[in-house]
Amino acid sequence: MASAKEAVRLASRLCQEVQRQLSAEERVDKKDDSPVTVADYGAQVVVAWSLQRADPSTRLSMVAEEDSAELRTLAGRPMLERITALVNSVVSTAAPGEVLSPEQVLDIIDLGASQGGPSGRHWVLDPIDGTRGFVGMRQYSVCLGMLQDGEVVLGVLGCPNLPQGPVGDDDGATGSAQRLSGDADVGCLFFSERGQGAWVEPLWNSSGALPHQVRVAEVTEGAEARFMESVESRHSSHSINAALARELGVVRPPLRMDSQVKYGLLSRGCGTIFLRFPPATYKEKIWDHAAGFVIVEEAGGRVTDAAGVRLDFSKGRFLALDRGIIAAPPALHEKLVAAAAKVAPKV
C-alpha cells in the first residue's frame, strides 16, 4: 500500500503540473491533444517506475492503456522526448540523480501490456481517468488497483482537484481546477486494502495529517439520495440515469463529475448513488473501475452491473456487464436494480 500511494502521488504531481501549464488554446477539445497525451504516458511511466523500484526482484505485471508502439516510430520521437523530460522532472524528486533515457521510458511503458486474468498479481492503472475533465480543467483522477488471482485487493485514487470538504456542482464544472488551484484543502487520496476498510487523506499531506476512515451514506430512501453521473454523456446515458432516479423517487439534481472521483465521493458519503449506463457497443475497461470498486466495497457499498451481479475483474482487460453499473449503499442498491429492470430492460 505504501508503494501504491507513493506511485499515485508522484503521478498526480506530474498530471497537476501539466494541467496547470495547459494554455487556453490547448484546453479546448480538438485533435491536437498532445499535452494530455504526454501526461497520460508520463503518469503511466512514473507509476510503473515507482512500483518496479519498490520491488526490483520481480518484473512488474501491469494492465494499462498505453503502449509504446507509436513512440518507437520516427514520427513519435519528439513526443517521446517530451515524455522523457516530464518523467525525469518527477523522478528526480523521488530519486535524486536518477535519469531515465528515452529507451528506458519505452520499456517501462510496455510493462503495462499485461492481460490480467484469474491468476497471479497484476497492477491495474488508469493514469488519467477523466481525460476530458483533465483538458477541461475539471476533475480527473489517477487510479491504481491491484488484482490478486482475479480479485481486486487494493485500490488507490489520487484526486488532485477534489475538495477535502463538502462538494458542490461548481466543483465539477469547467474551469473548477483553476478556481481551486492553490487551496490547501484541495486534493484527496482515497485508498483501501481488502478487509481493512476505506480511508482518505490529503493528497499532498505536507502537514502529516492522519488518514480517516470513510463510509457510504446510510440512506435508505430515494428522496434523501443524490446520484452522481459523468459530465459527458457519450459513455453513460443521462436519460437512463434520470429515469432510474425518478423511479427511485430522487428529487435532487445529479452531481456531475468526471472520472472515478465519483467512487471516492460515494465512499465518503458526499454522493449516494453512482450510475453508469454506456452504449451497448461500448466495452468497459477494468482500469476504469478497479480502484474505485474496492474502495466503495470496503466503505460498505455495493458495486454491480444492472442485474445486481458483482463486477468480475478476472476475465482480462474488459468487464462483461449486463447493461451498466450501479454503485450505492446496500438499501438503495437493491431498489435500483429493481428499477433498472423496469426502465432499462434487457434487449
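Below, all heavy atoms of this structure are taken into account, side chains as well, without hydrogens, waters or symmetry copies.
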*Out of E229, E284, E232, which residue meets the salt bridge (Lys or Arg N to Asp or Glu O under 4.0 Å) rule with R276?*
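Running salt bridge (Lys or Arg N to Asp or Glu O under 4.0 Å) over E229, E284, E232 with R276 returns exactly one hit, E284.
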State, yes or no, whether a side-chain contact exists between [X] and [Y] at a heavy-atom distance under 4.5 Å.
X    : Y    : value
R302 : E297 : no
L332 : T220 : no
K283 : R317 : no
V167 : R268 : yes
P254 : R226 : no
V231 : D258 : yes
Q213 : V200 : no
V186 : Q164 : no

Side chains of [X] and [Y]: is there a donor and an acceptor less than 3.5 Å apart?
X    : Y    : result
W123 : Q52  : no
S233 : H238 : no
E98  : N88  : no
N241 : S239 : no
S68  : D110 : yes

Which heavy atom of [X] sits nearest to which heavy atom of [Y], and what is that distance?
X    : Y    : value
L10  : S50  : CD1-OG, 4.0 Å
Q16  : Y140 : N-OH, 3.3 Å
A95  : R53  : CB-NH2, 3.8 Å
D40  : P127 : OD1-CG, 3.3 Å
A340 : A306 : CB-O, 4.0 Å
A39  : C15  : O-SG, 4.4 Å

*Checking salt bridge (Lys or Arg N to Asp or Glu O under 4.0 Å) for the pair D169/R138: CA distance, chi angles, key distance, verdict?*
CA-CA 11 Å; D169 294 332; R138 303 193 300 258; over 6 Å; no
[Y]/[X] salt bridge by N-O under 4.0 Å criterion:
X    : Y    : answer
E221 : K335 : yes
R252 : E224 : no
R323 : D305 : no

_Set out, in order, the CA-CA distance, both residues' side-chain angles and the distance that settles side chain to side chain contact (heavy atoms under 4.5 Å, CB included) for R82 and L86, then state yes or no._
CA-CA 6 Å; R82 291 182 65 186; L86 180 62; over 6 Å; no
hydrophobic_cluster_shared for [Y] and [X], side chain cutoff 4.5 Å:
X    : Y    : value
Y41  : I108 : yes
I325 : F190 : yes
V8   : V153 : yes
W287 : L311 : yes
M62  : I109 : yes

Around atom [atom1] of [X], are there more than 12 heavy atoms of other residues, nucleotides or ligands at under 6.0 Å?
X    : atom1 : answer
E81  : CD    : yes
E103 : CD    : yes
R310 : CZ    : yes
Q148 : CD    : yes

Can you check whether [Y]'s main-chain N or O pairs, donor with acceptor, with [X]'s side chain at less than 3.5 Å?
X    : Y    : answer
D149 : G120 : yes
Q260 : D288 : yes
E298 : A198 : no
Q21  : V18  : no
S176 : D171 : yes
R194 : V152 : yes
E201 : L210 : no

*Evaluate the ring planes of F274 and Y263, with Trp represented by its six-membered ring, and classify them as parallel (under 30°), tilted (30 to 60°) or perpendicular (over 60°).*
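Judged by the thresholds at 30° and 60°, the geometry between F274 and Y263 is perpendicular.
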*salt bridge (charged side-chain N to carboxylate O under 4.0 Å, His left out) partners of R246, counting only residues at least two apart*: none
Atom [atom1] in [X], atom [atom2] in [Y]: separation rounded to 0.5 Å?
X    : Y    : atom1 : atom2 : result
K262 : C270 : NZ    : SG    : 14.0 Å
Q178 : Q19  : CD    : CD    : 8.5 Å
L106 : L100 : CG    : CG    : 11.0 Å
S114 : R121 : OG    : CZ    : 13.0 Å
S12  : L189 : OG    : CG    : 7.5 Å
L275 : L336 : CG    : CG    : 6.0 Å

*Output, in order, the C-alpha distance, side-chain angles, deciding distance and verdict of side chain to side chain contact (heavy atoms under 4.5 Å, CB included) for V36 and V135.*
CA-CA 7 Å; V36 69; V135 175; 3.9 Å; yes
*Take V124 and M146, measure what side chain to side chain contact (heavy atoms under 4.5 Å, CB included) needs, and give me the verdict at the end.*
CA-CA 6 Å; V124 181; M146 190 178 78; over 6 Å; no
*Does the pair V91 and V99 meet the rule for a side chain to side chain contact (heavy atoms under 4.5 Å, CB included), with working shown?*
CA-CA 7 Å; V91 164; V99 178; over 6 Å; no
*Does the cation-pi check pass for K285 over F318, that is, NZ or CZ under 6.0 Å from the six-membered ring centre and within 45° of its axis?*
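Verdict for F318: no cation-pi partner in K285.
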